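Both counts, for ligands and for their atoms, begin at 1 and track the order of listing. This is a predicted model, so every value here is computed, not measured.
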Amino acid sequence: MASLRVSLPLLLLLMIVGAFGTEWSVKYNQQKICALKGSTVFMNGTFTHPGGQTVTEVFWVMDPDQNPSWPDMSKNADYSGRVEYLTDEWKHFSLNLNNVMKKDEHQYCVRIKTDQEKQKYLGRPGVTLTVTELHVETPGEVTEGETADLTCKTTCSLTDPTFIWYKNGHPLTTKTINNNQLHLQTVSSEDAGSYSCAVRGYQHLHSTAQNLRVRYPPKNVSVSIRPSGEIMEGSSVTLTCSSDANPPVKNYTWIKGSTSVGEGKTYSIPNIRSEDSGEYTCQSRNDHGERRSAAVQLNVLYPPKNVSVSISPSGEIVEGSSVTLTCSSDANPPAKNYTWFKEGGTSPVGSGQNYSIISITADHTGLYCCVAQNEHGAQRTAGVPVSLKGYPVILYVAVGVGLCFIFLVFLTVVLWRSRRKKQDENMDQPIYANEGEKDHSPPLEDKSSVYANVVAFKKQH
Ligand SMILES: *[C@@H]1O[C@H](CO)[C@@H](O)[C@H](O)[C@H]1NC(C)=O
Ligand SMILES: *[C@@H]1O[C@H](CO)[C@@H](O)[C@H](O)[C@H]1NC(C)=O
Ligand SMILES: *[C@@H]1O[C@H](CO)[C@@H](O)[C@H](O)[C@H]1NC(C)=O
């Protein structure tokens with residue numbers, strides 16, 4: 001058979017090679033390895049040796065050209081405990097090198113010895129090892145709205161790496177990662193932070209972190225008011241503007257209504273007046289733009305002022321007609337109570353903003369006065385004459401005014417007491433704490449005229 005005739009010489013040839021051995025050869029799986037600092041490197045390959053010999057020793061030699069005696073690298077103190085050799089019956093060999101360092105960047109060759117003294121082999125060229133760390137490159141600082149690419153740099157090419165990114169230590173899963181780049185399409189202020197990268201499977205060998213700073217116009221512009229709570233006329237109020245910006249805010253402008261009223265982070269109004277009531281806005285500016293806060297309302301409270309009485313109908317009043325007195329005042333909040341007095345009487349004749357006399361007679365004539373009150377105080381008018389033609393009222397002026405005045409003092413005292421009580425509850429001042437106590441002397445610094453009224457009032461009680 002033809003085929004048998006052809007294959008016989010081939011078979012013979014194979015038998016001869018088997019008997020007298022093949023040549024020495026070493027084949028490495030990879031001749032260049034790029035490894036992450038701190039990782040474990042695996043180098044392997046296969047070898048052949050001349051026939052009729054038994055392999056007695058396989059070890060590795062570092063940089064054989066520089067170490068002519070070709071010593072076993074595992075005996076080197078620099079590698080002690082980090083090296084592991086493996087060989088098997090199918091002539092595979094391998095080297096595990098743990099915790100690689102920059103100084104491990106050498107050429108590594110396998111050395112094979114057999115039972116025949118003159119038969120030794122060094123597999124050259126060997127495997128060249130380079131060691132890299134990961135290093136993040138950022139643009140440093142970008143402006144909101146721009147794009148930014150961050151790069152995870154290595155000094156040699158890792159085999160098939162998958163890069164992972166971290167921001168402030170947390171894995172970033174929602175961003176675009178192209179090979180070793182992190183792509184931020186439209187940077188926002190929230191992208192500012194500290195970035196690091198790693199290779200999947202070697203997360204513990206992540207890079208050191210690098211900062212990405214983002215420039216942006218002011219954000220979260222807000223106004224706070226000190227002191228908080230009610231603003232009484234005459235008190236001092238300070239508005240403070242806060243905002244978040246990079247670079248920091250350069251100008252703050254204060255706007256009342258639509259008029260600019262001041263500059264600076266704070267705006268102080270000492271001795272505030274009712275005219276200072278209104279909407280205030282802070283405008284905060286840096287090189288990248290400006291933003292306004294929401295408007296805050298300043299509502300300056302004050303007791304009634306400009307209390308006045310008008311009489312309707314005006315002019316001469318005819319006996320039997322009806323007359324309406326109207327009390328008006330400027331107050332914030334608006335006057336809550338109006339009380340009417342007539343000279344000669346010991347108690348109020350009426351309440352409410354209007355006081356009407358249906359069918360007026362001579363008995364109704366005289367001086368009338370109105371006391372307007374809100375929770376912050378009270379004010380009275382002077383006596384206003386209501387007269388019928390021919391009935392004089394001038395004689396009673398002093399009495400009428402006096403009556404209204406006493407009532408005003410009474411109101412002031414009531415108000416003062418209730419406010420004091422409120423304050424005591426809030427401030428817990430021991431001197432005022434016990435309202436029921438008979439003799440609580442006023443503190444010296446508090447001898448205002450209002451206080452003098454209170455003392456007088458208390459004695460009457
Ligand atoms: C070296 O090791 C790799 C991974 O274990 C294996 O796939 C490969 O076949 C080995 N190469 C040789 C030449 O032994
Ligand atoms: C700014 O406002 C945003 C959204 O309103 C909020 O998430 C963020 O915490 C604020 N930043 C500061 C510093 O107040
Ligand atoms: C911003 O502040 C600077 C320096 O205080 C001042 O010169 C400039 O006029 C201000 N700009 C505006 C628009 O108020």
Tell me: protein heavy atom nearest [atom], and distance?
| atom | answer |
| --- | --- |
| atom 6 (C) of ligand 1 | Asn44 ND2, 4.1 Å |
| atom 13 (C) of ligand 1 | Gly45 CA, 3.7 Å |
| atom 4 (C) of ligand 1 | Phe42 CE2, 4.2 Å |

Taking the ring of Tyr28 and the ring of Phe93, is the distance between their centroids below 6.0 Å? yes
[Y] backbone acceptor or donor facing [X] side chain under 3.5 Å:
| X | Y | answer |
| --- | --- | --- |
| Glu233 | Ser274 | yes |
| Lys265 | Cys241 | yes |
| Asn180 | Phe163 | no |

Note, Ile269 side chain near Leu298 side chain (heavy atom, < 4.5 Å):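 Contact flag for Ile269/Leu298 side chains = yes.
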Yes or no: does Tyr28 have any heavy atom under 4.0 Å from an atom of ligand 1?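 Not so, Tyr28 does not reach ligand 1.
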Would you say atom 9 (O) of ligand 1 touches the protein, meaning some protein heavy atom is under 4.0 Å from it?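 So far as the 4.0 Å threshold goes, atom 9 (O) of ligand 1 is out of reach of every protein heavy atom.
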Per-atom contacts, ligand 1 versus His92 - under 4.0 Å to a heavy atom: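 So the answer, numbered in order with elements, is 14 (O).
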